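Please read these numbers as outputs of a predicted model, since none were measured by experiment.
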Amino acid sequence: MTTPASSGQLEPVDALYSRDVFSRAVMRQRLPKDVFKRLIKTIDQGAPLDHGVADVVANAMKDWAIENGATHYTHWFQPLTGLTAEKHDSMISPDGQGGVIFNFSGDELVQGEPDASSFPSGGLRATFEARGYTAWDVTSPAFLVRGTGTVTLVIPTAFVSWTGEALDTKIPLLRSMEALSQQALRILNIFGTSHGATRVFTTVGPEQEYFLIDRELFWQRPDLVICNRTLFGAKPPKGQQLEDQYFGTIPARVLACMAEVERELWALGVPVKTRHNEVAPAQYEIAPIFEMSQLGSDHQMLTMETLRRVAPRHGLAAILHEKPFAGVNGSGKHNNWSMATDKGHNLLDPQDDTHTNLQFLVFLCAVIRAVDTHAELLRGSIASAANDHRLGANEAPPAIISIFLGDMLQDILDQVEKGQLKRTLKGGTIDLGASTLPMLPRHSGDRNRTSPFAFTGNKFEFRAVGSSQSIAFPNTVLNTIVAESLDVVATELERAVGKTPTPARVQAAAMALLKKLVKQHKRVIFGGDGYSQAWHEEAERRGLPHLRDTVDALAALKARKYSDLFKKYGVLNKSEYDSRLLIAYEKYNKELGIEAETMVTIGRTQILPAALAYQRRIAEAVTATESAGVKCNDTVASLGEFVNLVSRLQESLATLEKVAGHHDDDPARHAAWIRDKVKPAMAQVRTFADALESQVAAELWPLPSYREMLFLK
């Protein structure tokens with residue numbers, strides 16, 4: 001992709017931002033006023049899309065794209081692979097007179113037809129049932145992707161089967177937002193605070209952690225190339241012990257890469273804002289400003305794609321796996337989530353005197369109820385083989401779902417439980433003790449990095465989402481469980497206040513309900529150290545579910561209550577829900593199967609030959625030394641220990657190959673086998689291989705070391 005950044009001439013940011021987006025500003029310029037208004041009504045209010053509008057928009061979009069050099073268009077969608085997909089079609093057609101014309105109709109804009117049987121469908125589509133459709137998502141603007149000598153018009157779409165069942169992550173996300181909107185508006189109507197709002201939408205701002213390593217080293221690691229993580233690697237003397245990487249000076253090559261990523265994302269309308277070093281060596285973070293969830297989800301996929309695409313231009317490789325390197329922090333994707341009306345009112349903003357803001361407290365407690373009631377479902381939404389390496393370790397929240405509120409909100413809920421609201425704790429100020437330094441305003445509560453679901457001012461941060469994962473399904477789950485909770489809350493409030501609610505009735509009903517919710521669901525609130533063994537023991541006493549890995553999490557999702565929940569709110573029907581569960585099992589089994597096979601191959605074709613070469617070198621040294629009449633008992637002993645280590649590696653490889661060859665037709669049983677047999681066998685292979693790496697001469701070792709990959713900037 002050619003950009004101003006790569007050519008060395010930087011375009012002003014105000015001219016760059018959204019340059020390649022068919023934005024509202026562009027539409028306002030190019031569409032007739034009545035067409036523009038009807039389209040915006042569809043985007044903002046969910047009004048049905050008029051086909052006549054689509055024709056006019058398609059023509060304007062075509063002209064805009066052609067003026068910017070586009071020759072092709074694609075319906076860009078997000079199938080159940082967790083990635084994106086696209087098929088490019090030319091806008092050029094023969095004119096019958098030896099020339100060409102550019103055609104792009106409303107029909108081509110609104111609907112495409114990719115093959116539906118070649119994507120994961122969890123049984124929704126068989127190989128011989130190939131028809132599927134993409135449908136224009138008007139809420140996510142079209143954009144241009146510029147490549148070397150190419151410009152393509154990209155149209156965000158949904159992906160659906162010929163039978164009408166959702167085959168992607170976008171359709172359920174949009175459905176879940178509508179479900180939440182319906183229930184949230186009921187609460188606003190009870191309090192009389194809708195202020196003309198017709199919709200409530202959820203917002204997200206996902207923070208993306210990732211690694212950058214030298215590209216040449218990346219290509220020398222078959223495990224990184226195939227599995228996106230290192231299956232071998234001895235721990236280097238220095239990792240992150242000194243805590244000198246976090247927020248440190250960004251290396252020049254990395255900073256240049258970051259800057260180019262940002263400029264490309266700005267051109268695509270992605271509002272990235274923050275960049276910094278993360279905790280582990282070679283680990284970094286990029287974070288955007290909040291957007292509506294469906295747009296934030298699309299932009300998050302663009303962010304990952306852009307990181308992967310731009311990094312090679314700087315001699316780097318971007319690694320988004322949750323745990324690419326053992327012994328240092330893995331990567332997550334902190335999903336900052338909130339709710340807002342179409343009038344711009346954030347429903348999770350506590351405001352200054354929070355104890356008087358009953359509406360906020362009702363929404364807050366509805367979220368608390370949702371997380372407690374559906375903790376297993378929320379945990380299952382971020383379950384994966386990759387995330388299993390990270391959750392519960394010292395850089396990630398535990399697999400136990402809990403909520404951190406902070407001192408101020410915790411104090412208010414304590415007051416609620418006692419039946420009286422009297423105060424809101426204030427943070428005050430911090431005096432730094434030097435006249436040249438400012439007085440700092442102190443927040444009313446601390447932060448907690450060990451909490452998987454933490455309130456952080458005017459939003460919740462779901463910190464357990466994996467770095468390589470699409471945020472669409474976790475947000476679909478979050479929206480759905482909160483919609484269910486708001487439904488329960490609204491129903492109880494409506495019953496209590498009657499058909500003619502008065503402020504006094506609403507206040508009394510809200511206080512009674514809040515008190516009940518706090519008593520029923522306070523077990524999920526925890527403000528201490530989530531890493532500690534004491535918390536694990538306390539969580540068990542509280543009866544909180546502890547689903548330690550993907551196998552346990554997916555097993556819990558088999559409960560009928562979850563498919564019923566999604567069906568009730570029109571988010572997923574039973575077959576759609578079951579398909580996603582099956583796909584999750586299949587992905588877990590296939591990914592670990594690939595890892596096991598890759599491990600055996602590397603072990604036998606690279607590590608074992610290197611170890612045997614070094615073994616021969618030691619043996620020759622012993623023979624030469626003893627032939628000279630010099631005793632070398634220590635070297636002989638070392639040779640014996642080394643030979644034993646090589647033998648144990650060979651035995652462990654044979655064991656891994658044997659257990660990895662087992663297959664069970666039942667995906668759940670096969671997943672359990674992989675967890676209980678294959679993963680321990682892989683751990684054994686790695687133990688012996690890493691021990692060998694620590695002894696074999698560096699020039700013989702076939703793989704770049706952790707020291708090289710993590711510290712070569």
Side-chain angles (χ1 to χ4, degrees), residues 1 3-5 10-28 40 43-44 76 78 84 137-146 154-156 170 173-174 177 201-210 250 255 257-276 278 284-310 318 320 332-346 348-349 456-462 465 467 469-472 474-475:
M1 181 180 290
T3 66
L10 297 182
E11 187 174 354
V13 171
D14 58 346
L16 179 70
Y17 189 75
S18 293
R19 178 196 64 195
D20 292 332
V21 181
F22 195 66
S23 62
R24 292 194 184 204
V26 174
M27 289 190 288
R28 183 179 285 109
I40 294 303
I43 295 172
D44 289 346
W76 183 73
Q78 298 169 37
T84 62
D137 174 17
V138 298
T139 68
S140 188
F143 55 92
L144 300 175
V145 168
R146 301 175 184 272
V154 180
I155 303 160
K170 171 167 283 193
L173 178 59
L174 290 170
M177 292 177 69
F201 53 84
T202 57
T203 60
V204 294
E207 305 165 22
Q208 175 72 58
E209 295 174 344
Y210 61 98
I250 302 172
L255 184 58
C257 177
M258 287 178 166
E260 188 167 357
V261 166
E262 288 175 346
R263 297 186 76 84
E264 289 209 2
L265 290 172
W266 287 336
L268 295 171
V270 182
V272 290
K273 184 175 179 64
T274 301
R275 64 189 183 203
H276 63 81
E278 255 299 333
Y284 308 96
E285 180 176 299
I286 183 172
I289 299 171
F290 279 59
E291 300 178 280
M292 286 192 293
S293 290
Q294 84 284 2
L295 187 56
S297 179
D298 282 359
H299 283 170
Q300 223 293 305
M301 301 304 289
L302 276 177
T303 298
M304 291 194 290
E305 291 176 5
T306 303
L307 282 167
R308 294 189 185 102
R309 186 177 61 247
V310 171
L320 302 179
K333 183 149 35 203
H334 301 170
N335 188 88
N336 295 283
W337 175 94
S338 192
M339 296 176 280
T341 71
D342 55 4
K343 299 299 181 181
H345 178 212
N346 184 349
L348 290 180
D349 182 359
T456 53
N458 60 1
K459 57 185 169 45
F460 278 100
E461 184 180 26
F462 187 21
V465 181
S467 55
Q469 181 179 13
S470 164
I471 64 170
N475 281 289

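Of all heavy-atom pairs between Gln469 and Gln300, the closest is O-OE1, 4.3 Å. Across all non-hydrogen atoms, the minimal contact from Asn336 to Phe290 is CB-CZ, 3.4 Å. For the residue pair Gly296 and Val204, the shortest heavy atom distance occurs at CA-CG2, 3.9 Å. When all heavy atoms of Gly269 and Val21 are compared, the pair lying nearest together is N-CG2, 3.6 Å. The two residues Trp337 and Leu348 have their closest heavy-atom pair at CZ3-CD1, 4.0 Å. Annotation for Asp137 and Leu174: closest pair OD1-CD1, 4.2 Å, computed over non-hydrogen atoms.
Using a 4.5 Å cut-off on side-chain heavy atoms (C-beta onward), Gln208 and Leu307 make contact. Arg19 is not listed as a side-chain neighbour of Arg263, based on a closest heavy-atom distance of 4.5 Å or more. Taking the side chain as every heavy atom from C-beta outward, Asn346 and Met339 never approach each other to under 4.5 Å. Residues Leu295 and Pro141 have side chains in contact (heavy-atom distance under 4.5 Å, counting atoms from C-beta outward). Looking only at side-chain heavy atoms (C-beta outward), Ile40 and Arg24 come within less than 4.5 Å of each other.
From Asp20, atom CG reaches atom CG of Leu265 across 11.5 Å, with rounding to the nearest 0.5 Å. Atom CE of Met292 and atom NE2 of His299 lie 10.5 Å apart (nearest 0.5 Å). From Tyr284, atom OH reaches atom CE of Met258 across 6.5 Å, with rounding to the nearest 0.5 Å. Here Met301 contributes atom CE and Gln78 contributes atom CD; the two are 5.0 Å apart, rounded to the nearest 0.5 Å. Note that the OG atom of Ser293 and the CD1 atom of Ile471 stand 7.0 Å from one another [nearest 0.5 Å]. Here His334 contributes atom NE2 and Glu209 contributes atom CD; the two are 4.5 Å apart, rounded to the nearest 0.5 Å.
Across Thr274, Thr303, Val270, Thr306, a single residue satisfies side chain to side chain contact (heavy atoms under 4.5 Å, CB included) together with Ile286, and that is Thr303.
A donor-acceptor pair under 3.5 Å is formed between the side chain of Thr341 and the backbone N or O of His345.
Glu461 and Asn335 form no side-chain donor-acceptor contact under 3.5 Å, judged by distance and modelled atom types alone. A donor-acceptor contact closer than 3.5 angstrom is absent between the side chains of Ser338 and Thr203. In this structure, a donor-acceptor pair under 3.5 Å is present between the side chains of Glu305 and Thr84.
Annotation: side chain to side chain contact (heavy atoms under 4.5 Å, CB included) contacts of Ala472 (sequence neighbours excluded): Thr169, Leu173, Ser297, Ser470. With sequence neighbours excluded, no residue forms a ring-ring contact (aromatic ring centres under 6.0 Å, His included) with Tyr210. For Trp76, the ring-ring contact (aromatic ring centres under 6.0 Å, His included) partners two or more places apart in sequence, or in a different chain, are Phe143.
With respect to Asp298 and Lys170, a salt bridge is recorded, a charged nitrogen being found less than 4.0 Å from a carboxylate O. Using a 4.0 Å cut-off between charged nitrogen and carboxylate oxygen, Arg275 and Glu262 count as a salt-bridge pair. Looking at Arg146 and Glu264, no side-chain N of the basic residue comes within less than 4.0 Å of a carboxylate O on the acidic one, giving no salt bridge.
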